[in-house]
Amino acid sequence: MSESIRIYVTGSCDGLEQLRDALSTHPEVDFVGWSEHVAEATAALAGGHLQVVVHATRASTFPGGEVAAIREQTRSPIVIFASGESSALLEEALDADGVADVLLLPQLTENVVFALRKAAHAGRRLQAEGATQRRGRIVTVFSPKGGTGKTVTATNLAASFAKYEGQRTLLLDLDLQFGDAAIMLGLEPEKTIYDLVVAPGELDSEKLAGYITKHTSGIDVLPAPLRPEDAELVTESKLARLLEVARESYDQIVVDTSPFFHGPMLATLDRTDELLMICGLDVPTLKNVRLSLQTLELLSFPSSRIRYVLNRANSKVGMKKKEVEGALDITIGFEVPSDRAVPLGVNRGAPPVIGDTGSDYAKAIRSIAKSLLVKEQPKKKRAFALARA
């Protein structure tokens with residue numbers, strides 16, 4: 001038996017109820033769910049790993065607003081069910097992004113299943129073609145404790161990718177309430193990730209380009225919201241779409257994060273190619289790192305994608321690298337020294353890899369950037385599912 005088609009149904013039209021019941025029990029269809037209103041289905045559309053979205057309409061013209069709302073959440077092909085005949089609807093649908101077919105109800109169930117299977121096949125083909133074109137790789141910088149140097153690492157790593165490795169680089173600040181990436185680069189952005197996600201219309205590469213702030217090092221920066229209360233509008237589904245669009249436009253997407261496993265962080269982990277875990281030579285940080293590793297294991301995040309960075313590695317504080325490795329049962333991949341160039345660079349808004357290239361800190365970060373590029377594998381990474389409700 002062929003693989004079942006994973007679908008979700010939105011909207012309503014004459015004859016939909018009977019057809020919906022038939023599809024929900026059909027052996028070739030994996031019926032995920034149904035919602036009359038697209039706005040109520042955003043979580044299912046964004047996180048359902050759907051092969052086809054069915055949208056039903058009673059309108060005699062093309063439901064452009066509903067289709068645009070669906071496309072903001074998923075790139076799965078759309079099949080439209082319509083009651084009654086309308087040449088205007090059919091003509092407009094032919095030119096619409098992502099609409100694979102239009103079926104005028106009533107239809108035999110087998111005819112509908114055939115159309116769904118055809119749409120799913122076309123979607124897989126387009127997805128495969130997009131995967132060969134996509135180059136972007138997501139490097140997420142994380143620490144479960146503040147003050148460990150996470151943002152400094154992210155900004156300098158992004159600058160190193162852009163200036164010295166010739167990588168088209170996006171720095172994405174996902175410390176959504178108190179992000180400092182822009183200020184550490186000496187930027188006063190006019191637009192932030194908040195402005196991008198609340199802007200109307202479908203998110204694509206062209207739209208993303210209108211909201212980034214350019215840095216002299218060559219980085220494109222998408223800063224955190226200016227007000228903490230705006231953070232809640234950067235939802236998991238909108239961030240998931242943003243990361244996929246960024247992959248199409250950039251070689252490297254460096255993500256600075258908050259110290260929490262909230263929705264946006266989980267969406268980022270789901271798409272992360274390399275996770276840089278920042279460690280320190282202090283007991284509280286080690287305790288939090290250990291708890292984070294347990295959480296990552298519960299989320300089925302592959303340990304092979306985690307690289308450990310020991311920050312301020314040369315500090316004489318009564319603890320050494322081997323003790324950190326023993327306490328966490330890990331191998332430290334990178335060591336970054338404590339260096340006066342770092343606070344000077346932060347206060348001047350100039351990353352040491354740009355403003356103090358001869359410093360030990362700058363050399364260490366450039367070494368990390370080169371190592372991450374060398375490690376990059378052409379073969380496709382295995383997908384993993386986050387264990388969450």
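- The neighbour count for E188 CD, taken as heavy atoms of other residues, nucleotides or ligands under 6.0 Å away, does not exceed 12.
- In the model, T285 has no side-chain atom that pairs as donor or acceptor with a side-chain atom of N288 under 3.5 Å.
- The NZ atom of K370 sits 7.5 Å away from atom OG of S160, with the distance rounded to the nearest 0.5 Å.
- Rounding to the nearest 0.5 angstrom, the gap separating the OG1 atom in T10 from the CD1 atom in I70 is 4.0 Å.
- Using a distance-only test at 3.5 Å, with no hydrogens or angles considered, no donor-acceptor pair links the side chain of D230 to the main chain of Y194.
- With hydrogens and angles ignored, the 3.5 Å screen pairs no side-chain donor or acceptor of R271 with any backbone N or O of R247.
- Other residues, nucleotides and ligands contribute over 12 non-hydrogen atoms within 6.0 Å of the CG atom of L286.
- One N or O on the side chain of E323 and one on the backbone of K320 form a donor-acceptor pair closer than 3.5 Å.
- Between F142 and M265 the shortest heavy-atom distance is CD1-CE, 3.4 Å.
- At least one donor-acceptor pair under 3.5 Å links the side chain of T155 to the backbone N or O of V152.
- Scanning all heavy atoms of the two residues, the minimum distance from P144 to V289 falls at CG-N, 3.6 Å.
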Next on the checklist: Go through it in stages, so that I can follow the logic: the residues are D256 and T151, the test is side chain to side chain donor-acceptor pair (under 3.5 Å), and I'd like the CA-CA distance, side-chain angles, deciding distance and then a yes or no.
Outcome noted: CA-CA 6 Å; D256 186 20; T151 300; 2.7 Å; yes
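- With a 4.5 Å cut-off on side-chain heavy atoms, L373 and Q167 count as touching.
- Side-chain heavy atoms closer than 4.5 Å link hydrophobic residues (I, L, V, M, F, W, Y) into clusters, and following such links, possibly through other members, connects L90 to F62.
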Checklist entry - Does the side chain to side chain contact (heavy atoms under 4.5 Å, CB included) test come out yes or no for V317 and D282, once each step is laid out? => result CA-CA 8 Å; V317 292; D282 63 276; over 6 Å; no
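- Taking each heavy atom of M319 and L281 in turn, the nearest pair found is O-CD2, 3.7 Å.
- Using a 4.5 Å heavy-atom cutoff, the side chains of Q51 and I7 are not in contact.
- Note on R290 versus D329: no salt bridge recorded, every NZ/NE/NH1/NH2 to OD/OE distance being 4.0 Å or above.
- Cluster membership check: F178 does not share its hydrophobic cluster with I278, using side-chain heavy-atom separations under 4.5 Å among Ile, Leu, Val, Met, Phe, Trp and Tyr.
- Between the side chain of K191 and the backbone N or O of G210, at least one donor-acceptor pair lies under 3.5 Å.
- The backbone N or O of D360 sits less than 3.5 Å from a side-chain atom of D339, completing a donor-acceptor pair.
- Looking only at atom types and distance, the side chain of R168 has no donor-acceptor partner in the side chain of S249 under 3.5 Å away.
- Closest approach of G11 to L16, counting heavy atoms only: O-CD2, 3.5 Å.
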Next on the checklist: R137 vs D251, test: salt bridge (Lys or Arg N to Asp or Glu O under 4.0 Å). Steps then yes/no.
Outcome noted: CA-CA 6 Å; R137 195 173 59 133; D251 302 314; over 6 Å; no
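- Side chains of S24 and V29 form no contact here, defined as non-hydrogen atoms less than 4.5 Å apart.
- Not a single donor-acceptor pair under 3.5 Å links the side chain of D21 to the backbone N or O of Q18.
- A single hydrophobic cluster is not seen to contain both F31 and L108; linkage of ILVMFWY side chains at heavy-atom distances under 4.5 Å, directly or through other members, places them apart.
- Between Y250 and L172 there is no side-chain heavy-atom pair separated by less than 4.5 Å.
- A single hydrophobic cluster is not seen to contain both M184 and I253; linkage of ILVMFWY side chains at heavy-atom distances under 4.5 Å, directly or through other members, places them apart.
- With S76 contributing its side chain and V52 its backbone, the two residues share no donor-acceptor pair below 3.5 Å.
- Side-chain contact between P352 and N156 is present, with heavy atoms from C-beta onward closer than 4.5 Å.
- In this structure, CD1 on I212 lies 8.5 Å from CG on L222, to the nearest 0.5 angstrom.
- Put simply, V309 and V342 are part of the same group of oily side chains (I, L, V, M, F, W, Y) that touch within less than 4.5 Å, one to the next.
- Remark: side-chain polar atoms of Y8 are not paired, donor with acceptor, to backbone N or O of A41 under 3.5 angstrom.
- Residues L23 and L116 meet the side-chain proximity criterion, which asks for heavy atoms closer than 4.5 Å.
- V254 approaches A154 most closely through the heavy-atom pair CG1-O, 3.7 Å.
- Distance check, rounded to the nearest 0.5 Å: CG of D273 to CZ of R305 gives 6.5 Å.
- The closest side-chain heavy-atom distance from L291 to K287 is below 4.5 Å.
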Checklist entry - Yes or no on side chain to side chain contact (heavy atoms under 4.5 Å, CB included) for T295 and F301, after CA distance, side-chain angles and deciding distance? => result CA-CA 9 Å; T295 301; F301 189 87; over 6 Å; no
Next on the checklist: Show, in sequence, the C-alpha distance, side-chain angles and deciding distance for V54 and R20, and conclude whether the side chain to side chain contact (heavy atoms under 4.5 Å, CB included) test is met.
Outcome noted: CA-CA 10 Å; V54 173; R20 199 176 64 226; over 6 Å; no
Next on the checklist: Under the criterion side chain to side chain contact (heavy atoms under 4.5 Å, CB included), I'd like the reasoning laid out for R307 against I368: C-alpha separation, chi angles, the key distance, then a yes or no.
Outcome noted: CA-CA 10 Å; R307 309 291 293 277; I368 293 175; over 6 Å; no
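- Around the CZ atom of R58, the shell of radius 6.0 Å holds more than 12 heavy atoms that belong to other residues, nucleotides or ligands.
- To the nearest 0.5 Å, atoms CG (L176) and CG (L239) are separated by 7.5 Å.
- When all heavy atoms of A82 and L89 are compared, the pair lying nearest together is CB-CD1, 4.2 Å.
- For the atom pair CD of E28 and CD of E110, the computed distance is 6.5 Å after rounding to the nearest 0.5 Å.
- Formation of a donor-acceptor pair under 3.5 Å by the R366 side chain with backbone atoms of V353 is not found in this model.
- Inter-residue side-chain proximity for V234 and L242 is flagged as unmet; no heavy-atom pair is nearer than 4.5 Å.
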